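Heads up: the structure comes next, in structure tokens.
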2 protein chains.
Amino acid sequence: MTKKITRKELATCPDCVCFNIRKASRVVTQVYEEAMSKTGLRGTQFSVLVVVALFGSITITRLAENLVMDRTTLSRNLKPLEKRQLLKVIAGADRRTRVVQLTDSGHNTLKAALPLWKKTQQKIARLMGSERLDNLLGELRAIEKITDQM
Amino acid sequence: MTKKITRKELATCPDCVCFNIRKASRVVTQVYEEAMSKTGLRGTQFSVLVVVALFGSITITRLAENLVMDRTTLSRNLKPLEKRQLLKVIAGADRRTRVVQLTDSGHNTLKAALPLWKKTQQKIARLMGSERLDNLLGELRAIEKITDQM
DNA sequence: AGTCATTATGTGTATTTACACCTATGTTGC
DNA sequence: GCAACATAGGTGTAAATACACATAATGACT
């Protein structure tokens, strides 16, 4: 064993950005998923459906870019949504590409999830204060931007 | 298909707290893991080792509480750390409980990871500004607290 | 001592995450 | 036309996440 780690060396670790953002991510995710449980949609799945709805038709790589998600991660996230037939992945113009589209069922499920999502979002805004929440969202985007430079 | 989802209904979705916090969580995690890659520690693993180091000896349930992590999630997160022999899980006083402790190797690995972690944390503080970062951490804790009331 | 609730933990299952690596297709420059 | 590069996507592997459910041990109450 090397020299013992002092308490002082560990003192600042609870302020770890990675730890705290992951921790907050876990609890927030649970709140949203609980709220949307009626639809069976997970938080990530809701986000995917929203972006697909916004684009109408979008390739996997573009969708991943818009979600700031690894392409292979997204590919796998599409699987349960395809299985539930909430969206379909069909051949694109280019023989390399595959495009994602909502099915009617996906459209209906998203439609049902939207008010549940909104209610949750608004409740958080009310409890935290709209300005503070806007500030938080801004800071989250700021830290995303900063990580580009690292 | 139910009535078409309007663009207006989707307009506020990109401000979803769940989406944005998960997104930020992904990019931040990648930065920390890249920085600590030499040690082979993932972000979560680093956090686990830190808390175990702080407690010296701690049961799985207490550890999960301190990490604000589902107990079963933590149980599974311990597996790769046990496999690498960075920590050991041994029988506790109570025959139900099992206590987690760092091994010498875990101690050394954590010792090696600490400066890498600190450098990353400080770089973010420098790029973002210490006050803004402190503010962000405070707001993350605030939103955690709020979700308790939901 | 025996019942019953509480506490501590593990397992099955499914999703989310991402790196390394691979194949197929399209594009560009000669 | 073809070689070299760029683009789009999939697979193997491993970790992180959490719910539902199961088991075992302890504590409390009669």
Side-chain angles (χ1 to χ4, degrees), chain A residues 18-19 21-34 36-37 39-49 58-84 86 89-100 147, chain B residues 18-19 21-34 36-37 39-49 58-84 86 89-100 147:
Chain A
C18 185
F19 170 58
I21 204 165
R22 290 181 70 89
K23 181 156 57 82
S25 179
R26 286 193 292 271
V27 299
V28 167
T29 298
Q30 285 177 54
V31 168
Y32 278 82
E33 294 189 348
E34 159 67 21
M36 298 193 298
S37 62
T39 67
L41 287 182
R42 313 290 298 265
T44 298
Q45 297 178 337
F46 175 77
S47 301
V48 170
L49 293 189
I58 185 170
T59 66
I60 291 177
T61 299
R62 292 304 153 257
L63 184 53
E65 283 168 6
N66 276 278
L67 292 163
V68 191
M69 187 179 286
D70 186 89
R71 184 185 50 75
T72 67
T73 300
L74 173 63
S75 265
R76 293 204 156 109
N77 287 349
L78 293 178
K79 288 285 154 57
L81 292 166
E82 270 187 280
K83 202 167 174 185
R84 271 186 71 190
L86 300 183
V89 184
I90 60 180
D94 192 322
R95 253 197 301 175
R96 290 171 301 180
T97 61
R98 283 152 55 77
V99 297
V100 184
T147 57
Chain B
C18 183
F19 170 58
I21 205 166
R22 290 180 70 90
K23 180 157 57 80
S25 178
R26 287 193 292 270
V27 299
V28 167
T29 298
Q30 285 176 55
V31 168
Y32 278 82
E33 295 189 347
E34 160 67 22
M36 298 192 299
S37 61
T39 67
L41 287 181
R42 312 290 296 267
T44 299
Q45 297 179 336
F46 175 78
S47 301
V48 170
L49 293 188
I58 185 170
T59 66
I60 292 178
T61 298
R62 293 303 153 257
L63 184 52
E65 283 169 4
N66 276 278
L67 291 163
V68 192
M69 188 180 284
D70 186 270
R71 185 187 48 76
T72 67
T73 299
L74 173 63
S75 263
R76 291 198 159 112
N77 287 350
L78 293 178
K79 287 285 153 57
L81 292 166
E82 271 187 280
K83 202 168 174 185
R84 271 185 71 190
L86 300 182
V89 184
I90 59 180
D94 191 322
R95 251 197 303 175
R96 289 170 301 180
T97 62
R98 282 151 55 77
V99 297
V100 184
T147 58

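All of these numbers come straight from a predicted model, not from anything done at the bench. Below, chain A is the first sequence line, B the second, and so on; all start at residue 1.
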>> For a quick check of understanding: with a heavy-atom distance under 4.0 Å over all strands, which category does A:T59 fall into, base, sugar-phosphate or nothing?
In response: sugar-phosphate
> Phosphate oxygens OP1/OP2 of C:dA8: is one of them under 4.0 Å from a side-chain N or O of B:R62?
Replying inline: yes
> Side chain of B:D70: nearest nucleotide among D:dT26, D:dT7, D:dA18?
Replying inline: D:dA18
>> I need the CD1-C1' distance between A:I90 and D:dG9, as an integer number of Å.
In response: 16 Å
> Which part of the nucleic acid, if any, lies within reach of B:R26 when heavy atoms closer than 4.0 Å are counted: base, sugar-phosphate only, or nothing?
Replying inline: sugar-phosphate
> For B:E65, does the CD atom sit with more than 12 other heavy atoms under 6.0 Å from it, leaving out its own atoms?
Replying inline: yes
>> What is the distance, to the nearest angstrom, from the NZ atom on A:K23 to the P atom on D:dA16?
In response: 17 Å
> Which is true for B:E33 with a 4.0 Å heavy-atom rule: it touches a base, it touches only sugar-phosphate, or it touches nothing?
Replying inline: nothing
> Contact class for B:T97 vs. all strands (heavy atom < 4.0 Å): base, sugar-phosphate, or nothing?
Replying inline: sugar-phosphate
>> I need the CZ-P distance between B:F19 and C:dT16, as an integer number of Å.
In response: 14 Å
> Looking for any heavy atom pair under 4.0 Å, which part of the strands does A:R76 touch: base, sugar-phosphate only, or nothing?
Replying inline: base
>> Can you measure B:M69 atom CE to D:dA18 atom C1' for me and round it to whole angstrom units?
In response: 11 Å
>> Please classify the nucleic acid contact of B:T61 as base, sugar-phosphate, or nothing, using heavy-atom distances under 4.0 Å.
In response: sugar-phosphate
> What is the distance from CG of B:L63 to P of C:dT9, rounded to the nearest Å?
Replying inline: 10 Å
> Do A:E82 and A:K79 meet the salt-bridge criterion of a basic N to acidic O distance under 4.0 Å?
Replying inline: no
> To the nearest angstrom, how far is B:R42 atom CZ from C:dT17 atom P?
Replying inline: 13 Å
> Per the side chain to side chain contact (heavy atoms under 4.5 Å, CB included) rule, which among A:V100, A:L78, A:N66 passes with A:V48?
Replying inline: A:L78
>> With heavy-atom distances below 4.5 Å as the criterion, would you say the side chains of B:M69 and B:T44 are in contact?
In response: yes
> Nearest nucleotide by nearest heavy atom, which residue falls closer to the 5' end of DNA chain C, A:A93 or A:T73?
Replying inline: A:T73
> Which residue, A:V27 or B:K83, contacts DNA chain D at a nucleotide closer to its 5' end, judged by nearest heavy atom?
Replying inline: B:K83
>> Does a side-chain N or O of B:R98 approach OP1 or OP2 of C:dG10 to a distance below 4.0 Å, or not?
In response: yes
> Does OP1 or OP2 of D:dA15 have a side-chain N or O of B:N77 closer than 4.0 Å?
Replying inline: no
> Atom CG in B:L63, atom OG1 in B:T59: separation rounded to 0.5 Å?
Replying inline: 8.0 Å
> Can you tell me if the side-chain N/O atoms of A:Q45 get under 4.0 Å from OP1 or OP2 in C:dT15?
Replying inline: no
>> Check the phosphate of D:dC19 against A:Q30, side-chain N and O only, distance under 4.0 Å to OP1 or OP2. Yes or no?
In response: yes
> Can you check the B:L78 CG to D:dA16 P distance for me, whole Å?
Replying inline: 10 Å
>> Between B:L67 and A:R22, is there a side-chain heavy-atom distance shorter than 4.5 Å?
In response: no
> What integer distance in Å separates B:L86:CG from D:dA15:P?
Replying inline: 11 Å
> Hey, does A:R22 reach any base, or is it just sugar-phosphate, or nothing, if we go heavy atoms under 4.0 Å?
Replying inline: sugar-phosphate
